[in-house]
Protein chains: 2
Amino acid sequence: MSREPRREQLLNAADRVIQRDGPTASMNAIAAEAGITKPILYRHFGDRNGLISALTERHTSGLLAAIRAALAEPLERRDRVEHVLDTYLAGIEARPQVYRLLTHPEPGDPGGVGNALAPALRQIAEEITRAVQSQVDLGADRDLLAEAWGRGITGMVLAAGDWWLNSRPCSRTRMVQALADLLWGRLAAAADRPTPALPTPPVEPAD
Amino acid sequence: MSREPRREQLLNAADRVIQRDGPTASMNAIAAEAGITKPILYRHFGDRNGLISALTERHTSGLLAAIRAALAEPLERRDRVEHVLDTYLAGIEARPQVYRLLTHPEPGDPGGVGNALAPALRQIAEEITRAVQSQVDLGADRDLLAEAWGRGITGMVLAAGDWWLNSRPCSRTRMVQALADLLWGRLAAAADRPTPALPTPPVEPAD
DNA sequence: CGACGATGTTACCCGAGGTAACACCCCCGG
DNA sequence: CCGGGGGTGTTACCTCGGGTAACATCGTCG
């Protein structure tokens, strides 16, 4: 029996533990769940990072493919964007624990530290960047804007989606609308609020 | 001598180490930098989280206040938004290592896990939420939109700012423009790209 | 049969967070 | 003068998690 099937079994075990204990599950725990001991895990995955990467890769491939497909859908742009947003939110809604993995930046990462976006998220960001670059006419600044927006949109959806998933303030559809509205410049279009009479009052905002 | 001054000195030392070694600096290292040993740190801060919190609080208060001020600036809305963006980017540009702290969600956080935004960022998000709520007329959905947007904008600026800080693709001013443009609906306004002839070609995208 | 490549084991190392127990120093009140 | 209490600090230890070394086993292929 080649290595591959064993790897799958180990990943399955790791998966169950992560589902149960969250992304902080120890290697010992994972090994125990698989009915074996640590060194085997290390033989297969090198280090914890390798295991986690394999695990995330496995789970993200689906979501990533779905997003890729959504980005290529032949729709009006607004509909396409909503479709992508909905795809992402549906994905994280379906498997919250997995989602935790995606967003969990590796804690100990000396040297190459500092990416606020975990690898899986970065792939999504690149996907968006590519889509914007190829589909939207942005003039000379095309490359810069596409890349900045790719990251920005990803981060936006990450943070908003996280909040939505945790506190469930509304339906998924409404959340999609809220985010699409933001991207559609509704913040710019809305009128000023009729300031109810306060030029410079000495009240400090409630903390 | 009361406890407070000592605390400050210890925080200063911790600060230097974080600047030098990043947010993964060990308690031992921090103690050594302060010329003392671990237990003292624990006496003052309880645990690592306490130290980090104290440290972030200290540094964020400035940035947070600056952002609060920027949000209250009496400008055209677009200018105000740009001002806020610039304030944030300037802040993280000035002290990159500190910024790492802000964005570093506490790794071991059993139970209440899952906030993609670190506490400091969440404060910023709340600030934005409040500003939107009080300044922009969004109709019946006001509360939902403001809250979703607060998180979303914060996440967007976090991710984009992180990328900008690491790869420095352009000046700060241009980055501010790029993000403001995104928030201003330029994604919606731009024309479709003149698809250079490809209905459904069997080429797979470069990986 | 022997060797190789997989399986698995126990036992250990290291570093980091965290704590216990002890010692010093100084000031303030009886 | 003396005796605390509250600050300073120490050494030595515990626990737990990532990671490794060394050893044993089983099945297959030449």
Side-chain angles (χ1 to χ4, degrees), chain A residues 1-18 20-56 100-101 104-113 118-119, chain B residues 1-56 97 100-101 104-113 118-119:
Chain A
M1 178 184 284
S2 163
R3 298 174 53 101
E4 294 310 316
R6 235 4 173 214
R7 245 181 95 103
E8 292 308 307
Q9 296 181 9
L10 298 182
L11 283 177
N12 287 337
D15 220 348
R16 290 193 297 273
V17 177
I18 297 277
R20 174 157 37 83
D21 302 349
T24 65
S26 79
M27 294 298 268
N28 259 328
I30 295 173
E33 170 70 26
I36 53 163
T37 50
K38 277 194 299 176
I40 302 178
L41 288 181
Y42 285 97
R43 276 223 268 273
H44 277 273
F45 302 102
D47 58 359
R48 183 172 218 282
N49 241 310
L51 212 205
I52 301 294
S53 303
L55 212 47
T56 44
R100 302 269 172 256
L101 264 192
H104 201 62
E106 301 309 330
D109 188 355
V113 273
Chain B
M1 178 185 281
S2 162
R3 298 175 53 100
E4 293 310 316
R6 219 43 183 169
R7 246 182 95 102
E8 293 307 307
Q9 296 179 10
L10 298 182
L11 283 177
N12 288 336
D15 221 348
R16 290 193 296 274
V17 178
I18 297 277
Q19 300 279 354
R20 174 158 36 82
D21 301 348
T24 65
S26 80
M27 294 298 267
N28 258 327
I30 295 173
E33 169 70 27
I36 55 165
T37 51
K38 278 194 297 176
I40 302 178
L41 288 181
Y42 286 97
R43 276 223 269 274
H44 278 271
F45 303 102
D47 59 359
R48 182 172 219 281
N49 239 312
L51 211 205
I52 301 295
S53 303
L55 212 47
T56 42
Q97 291 291 11
R100 302 267 173 259
L101 264 190
H104 201 63
E106 300 309 330
D109 187 354
V113 272

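Order of the sequence lines fixes the chain letters, A, B, ..., with proteins taken first and strands second; residue numbering starts at 1 for each chain.
- Whole-Å rounding puts the R7(A) CZ to dT7(C) C1' distance at 17 Å.
- For the 3.5 Å distance criterion, the side chains of Q9(A) and R6(A) qualify, holding a donor opposite an acceptor.
- Here dG8(C) presents its C1' atom at 14 Å from CD of Q9(A), a figure rounded to the nearest Å.
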Handout entry: Nucleic acid footprint by protein, nucleotides 9-14 of chain D - heavy-atom cut-off 4.0 Å, B for base, S for sugar-phosphate alone
Key = BBB---
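- Put simply, the side chain of R7(A) gets close to the backbone of H44(A): a donor and an acceptor are under 3.5 Å apart.
- The distance from the CD atom of E33(A) to the CG atom of N28(A) is 13.0 Å, given to the nearest 0.5 Å.
- Atom CD1 in I52(A) sits roughly 14 Å away from atom P in dG17(D) (whole-Å rounding).
- Rounded to an integer number of Å, the gap from R48(B) CZ to dG18(C) P is 8 Å.
- Taking CG of L10(B) as the reference point, atom CG of L51(B) lies at 8.0 Å (rounded to 0.5 Å).
- Interatomic distance, R20(B) CZ to D15(B) CG, rounded to the nearest 0.5 Å: 11.5 Å.
- Here dA16(C) presents its P atom at 11 Å from CG of D21(B), a figure rounded to the nearest Å.
- Between the CG atom of L41(B) and the C1' atom of dT19(C) there is a distance of 14 Å, given to the nearest Å.
- When the P atom of dC12(C) is taken as reference, atom CE of M27(A) falls 22 Å away, rounded to whole Å.
- If you measure from atom CG of N28(A) to atom P of dT15(D), you get 16 Å, rounded to the nearest angstrom.
- Distance check, rounded to the nearest 0.5 Å: CZ of R48(B) to CD1 of I30(B) gives 5.5 Å.
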